[in-house]
Amino acid sequence: MLNIPCPWCGLRSEVEFSSGGESEVIRPLDPLKKSDHEWSDYLFNRTNKKGWHVERWYHIHGCRKWFHIERNTITHEIRSSWPITEKHPEGNLSVSYSDREQ
Amino acid sequence: MKKQPFRVEGLGDIERNRPIMFTFNGKTYTGFKGDTLASALLANGVILVGRSFKYHRPRGIFGVGVDDPNALVQIGVHGRSTPNERATTTEIFEGLIAKSVNVWPSLRYDILAINNSFSSMFPAGFYYKTFMWPASFWPIYEYFIRKAAGLGTVPKFEDPDTYEKKYVHYDLLIVGGGIAGLVAAHVSAKAGNRVILADERANLGGSKFNSEVTINNKPVKKWVSDIESELESIGDCMVLKRTTAVIHSDHNFVVLREKIIKPNNHSSHTMISQRLWKVRAKSVIYATGALERPMVFQNNDLPGVMLGSAVTDLIHRYGVCPGKNVAIAGNNASIYTLAEDLKACGANIVALSDSRKKSDNNENLAFDSEFPVFMGQAPICAFGKKKIRSVSFGPVNIDTAISQNKDDKKIDCDLLCLSGGYDPNLNLIAQAGGSVSFDTEVSSFNCQSIPKDIFLIGAAAGNFDLQDTISKSLNIVKKIIKQNGTSVFPDIVYQTKGSKSLNAVSPVWYVQSKKSNNKQFVDLHNDVTVSDIDLSVREGYKSIEHFKRYTTSGMGPDQGKIANVNALGILSKKIDINPQSIGTTRFRPPYTPITFGALAGRDLGDLAEPIRITALNVWHQESKAVFENVGQWKRPWYYPKNEETMEAAVNRECKAVRKSVGIFDASTLGKIELVGPDAGELLNRIYINRFDDLKVGSCRYGIICGDDGMVIDDGVTSRLEDKRWLMTTTTGNASKVFHWIDEWLQCEWPELDVFLTSVSSHWSTITIAGSNARNVLLELAGDVDVSNSSFPHHTWKIIKIFGVVARVFRVSFTGELSYEINIPSRYAHSLWESIISIGERYDITPFGTESLHTLRAEKGYIVVGHETDGSVTPDDIGFGWMMRKRKDFIGHRSLSRESIIGEKRPQLVGLLPETYIPEGAQVLSDEISGSDKQSIGHVTSSYNSPSLGIPIALGLIQGGRSLIGSNIRIIGPSNSMSVNAKIVSHCFYDPNGDRLNV
Ligand SMILES: [Zn+2]
């Protein structure tokens with residue numbers, strides 16, 4: 001069972017959270033302009049990364065905030081967490097909302 | 001008191017002035033306080049304790065802890081009866097009743113021992129091969145297997161005791177209270193760290209317990225008890241004995257199981273039987289020691305053959321020497337220490353074999369004059385029937401010994417001690433993600449890489465030198481306490497004397513027999529022999545994971561703790577691949593079996609899951625409602641009157657609603673308040689239909705899809721104020737929808753200024769439905785105009801009822817004139833009772849969920865989860881017209897794919913069957929599909945309609961809307977059911993909605 005660092009509440013046990021999967025899934029701004037292929041890519045395809053993975057979690061039994069974490073899918077180590085609408089602290093990762101604006 | 005023939009005076013750490021009587025297989029014995037069942041039995045000379053799993057061969061106590069593969073017992077009686085406990089880990093108490101498992105009809109005369117004579121019939125893979133075909137024979141096989149393989153009996157009575165769980169957080173968890181673990185705990189606790197130390201035995205001290213070793217010139221026993229009291233005096237340090245670490249999960253979440261001795265009397269007094277500790281530790285140290293492995297030769301499973309470490313432990317802890325004439329066989333230095341221990345007990349050592357050509361420090365020479373010492377030899381065969389009588393030895397060739405002739409010299413003995421080397425106990429570290437590699441020097445697996453914040457010390461780290469272990473442990477603890485922010489390291493010295501280190505081990509994987517290899521046991525628990533390994537290799541099961549499953553080696557309660565490395569070594573010889581390349585099977589939790597009671601804790605019965613009740617529950621119960629579980633909710637299903645059947649009650653309730661008025665508790669509906677300037681826009685995106693144009697005071701039905709275009713929920717949403725909305729969801733999806741909207745809002749559309757609040761339980765909802773509903777409401781409404789023109793369908797009003805603000809929504813799920821009165825929950829009960837008394841003159845009738853569903857089915861209204869199953873689009877259920885065309889909403893893009901608009905989609909229709917048909921039944925039509933075997937859809941809802949007096953159903957049928965008027969056949973679930981039906985429109989009752997708009 002993971003120990004997850006909520007940016008607001010600190011380290012809390014996994015039972016308080018629910019997982020929202022990969023962060024790097026970006027919903028197209030105008031879905032109706034996307035081809036079937038592009039749309040199904042957004043809907044169904046995930047990178048299923050081995051190693052460092054950015055994913056989003058929901059502190060469902062806590063502060064009810066969504067946020068991102070970087071977790072190693074092999075060791076389960078978590079090395080950072082940050083609010084959902086903000087960019088990755090080191091800057092070069094594409095994660096949902098914040099990158100959609102560009 | 002009867003004498004205990006194998007108890008040695010002056011040794012052990014038991015309380016000889018506290019005798020304890022216990023019963024084993026119906027006979028009464030005496031042991032002492034501090035004994036385990038195994039030590040007490042051995043003290044009394046009880047050798048035979050069980051029968052083996054497959055061949056029912058006689059078996060004795062082999063190991064001394066959780067590694068013992070043989071002595072499984074059922075302890076206690078009645079509700080306290082517990083199957084498959086280990087005699088070696090069960091402490092005796094006054095009145096203990098224990099019996100062997102896997103014997104029938106009795107231990108001495110085991111009928112199934114005949115399996116032993118036919119052992120060639122039960123080779124590896126037996127189950128797979130024999131039971132493949134024919135399938136119809138399975139019940140027969142199963143009966144036989146269950147009878148033959150039964151391990152213990154499930155108690156028939158409820159366990160009177162409780163189990164509990166406890167969550168704790170510590171700086172450091174140390175697993176294993178041997179010398180290494182104690183030193184680590186002592187230093188770190190002294191440094192001010194919060195420390196928890198767990199050991200599975202009743203005493204700390206590990207393998208050195210009560211031995212000749214001294215620490216700081218104190219005998220080890222004294223040193224251990226001094227350290228223990230010191231640890232207990234430190235507030236932030238906890239010592240848990242009889243506590244096994246069973247699971248290591250992510251981020252140092254470790255589950256410990258603490259056993260508390262449980263009497264087997266009939267007392268109804270409840271006690272805590274076991275405690276499951278869930279520990280989150282910043283660092284974990286495993287000081288789990290090493291497990292000794294046996295040697296593999298003919299008849300090595302005879303009672304009286306034991307692990308050398310088990311005998312040492314029996315002598316030191318319990319003052320029990322389980323033999324008088326003892327033979328010793330091994331491949332490492334530990335056998336010489338054992339010989340000294342045995343001599344100290346006054347045992348007669350008859351022979352010792354050391355498979356190495358030469359011992360480390362010529363220890364063999366010291367004993368040469370006292371008894372025969374065979375260098376470069378190993379046991380070839382043990383002889384005896386129900387216990388060992390003699391053993392023969394022969395020379396070792398590289399790492400297998402070869403049986404000589406018949407005239408191998410037999411040496412008489414009643415105990416044979418084996419030491420085939422030591423395996424560091426790496427189960428938990430492997431669970432944690434550590435990797436292991438084979439060390440040829442000691443012929444065992446060592447830990448190669450250790451995950452972050454986990455540490456290994458002592459024999460578990462492959463370190464068999466006590467002084468060196470201590471200094472390495474101190475270095476590790478230094479690192480840990482520094483990491484935990486403590487810079488002062490207590491200056492403590494631990495000087496040991498009298499311990500012997502263990503160096504090289506030369507493996508003897510097995511002794512090759514001239515005859516067959518079918519009595520050379522590798523895994524005693526599962527009766528896996530060398531010949532089974534041969535067979536597995538012949539049949540191609542060479543990968544270690546395949547091998548394990550084919551031979552069953554390493555399965556079962558002991559998980560092959562002492563068997564796995566030998567099995568691997570032999571496999572490695574047979575296929576000529578080195579052990580490192582073969583690798584190990586995966587170490588899985590739990591380390592030792594846990595009883596279900598400990599896992600369940602107090603989450604039983606009413607506490608198994610939260611129960612949700614509405615504010616009207618007391619009234620429902622007093623009115624003898626029959627309840628239905630809807631998720632966690634208890635909802636009135638129907639209200640039977642005078643012994644009515646369910647069918648009669650539902651019929652009466654439905655008719656009352658259609659004829660006059662009914663009252664229904666709809667409080668479980670999900671209610672979400674959305675507040676903010678962008679709430680209308682958010683709703684536009686959440687629902688498939690538009691909402692921002694809804695006027696204050698109005699309500700609208702909407703459907704919610706996922707982004708894949710499939711319906712996930714529906715409900716009515718009302719505009720309360722310009723910037724305040726109330727959304728309702730289905731009962732079952734209330735929290736799911738709430739959190740789902742929250743996700744969209746936070747993750748995708750944070751620019752929308754909306755606040756979400758779940759108000760499901762703040763407001764209770766009382767529905768009054770039927771043509772007299774307005775007459776009832778009139779008496780509550782005061783001067784509020786509730787006429788049809790002022791308060792039409794799909795609008796809502798605030799009405800002060802007895803001074804309390806209620807929100808009254810004119811919406812309907814029954815097809816009748818209907819009001820949903822929302823009132824703060826604390827007033828719900830009194831309002832309900834007032835309505836009942838006001839409604840008396842209209843014969844107001846409470847109705848339950850079954851009637852509600854029946855009434856809505858007559859109207860063809862869908863229920864999410866009945867008519868939808870995650871693969872149904874709005875158009876499939878007849879709401880294609882509702883979708884917005886140009887603006888984006890969740891699911892829009894998916895719903896515009898060509899393949900989802902096709903004519904052959906399953907479409908919601910009504911069905912008129914000749915007789916009632918069960919939901920889920922399949923719809924067939926040779927005319928439509930061209931085959932009488934091809935299903936064209938299924939029944940989603942089915943009722944006997946009280947209003948129409950005929951059976952009706954809803955179904956999803958391929959292209960169903962164009963098939964209205966067709967005749968079809970409905971079959972299943974049993975083959976014999978086949979009913980003719982006609983496809984009709986899904987609305988059976990009042991299709992024009994006249995009754996809604998009166
Ligand atoms: Zn939080």
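Below, chains carry the letters A, B, ... as their sequence lines are ordered, and counting in each starts from 1. Hydrogens, waters and symmetry mates play no part in the numbers below; they use all other heavy atoms, side chains included.
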State the CG-CG distance between A:L43 and B:D708, to the nearest 0.5 angstrom. 6.5 Å
What part of A:S13 is in contact with chain B, defined as an atom under 4.5 angstrom from a non-hydrogen atom: side chain, backbone, both or neither? both
Counting only heavy atoms not in [X], do more than 12 fall under 6.0 Å of its [atom1]?
X: B:K165; atom1: NZ; answer: yes
X: B:R690; atom1: CZ; answer: yes
X: B:E898; atom1: CD; answer: no
X: B:R586; atom1: CZ; answer: no

Under 4.5 Å heavy-atom distance to chain A, tell me which part of [X] shows up: side chain, backbone, both or neither.
X: B:L745; answer: neither
X: B:W740; answer: neither
X: B:K452; answer: side chain
X: B:R886; answer: backbone
X: B:S735; answer: neither

Do [X] and [Y] have side chains that approach each other closer than 4.5 Å (heavy atoms only, starting at C-beta)?
X: A:Y58; Y: B:D742; result: yes
X: B:R893; Y: A:Y42; result: no
X: A:T75; Y: B:P451; result: no

Could you work out, with ring pair (Phe, Tyr, Trp, His ring centres under 6.0 Å) as the rule, every residue matching B:H892, not counting sequence neighbours? B:F889
With no hydrogens and no angle check, is any side-chain donor or acceptor of B:H251 less than 3.5 Å from a backbone partner on A:N3? yes
Determine yes or no for a side-chain-to-main-chain donor-acceptor pair under 3.5 angstrom, with B:Q746 supplying the side chain and A:R64 the backbone. yes
By residue number, those in residues 30-39 of chain A with heavy atoms under 4.5 Å from heavy atoms of chain B are A:P31, A:L32, A:K34, A:S35, A:D36, A:W39
Kindly write out the residues that satisfy salt bridge (charged side-chain N to carboxylate O under 4.0 Å, His left out) with B:E673, not counting sequence neighbours, or none if the list is empty. B:R724, B:R807
Determine, stepwise, if the pair A:M1 / B:K278 fulfils side chain to side chain contact (heavy atoms under 4.5 Å, CB included). CA-CA 11 Å; A:M1 187 162 60; B:K278 304 195 171 185; 5.9 Å; no
For B:E743, what residues pass the side-chain contact (heavy atoms from CB on, under 4.5 Å) criterion, not counting sequence neighbours? A:R56, A:W66, B:C747
Carboxylate-amine/guanidinium proximity below 4.0 Å for A:R27 and B:D888: yes
Interface residue of largest heavy-atom contact number with chain A, from B:S894, B:A432, B:S896, under 4.5 Å: B:S894
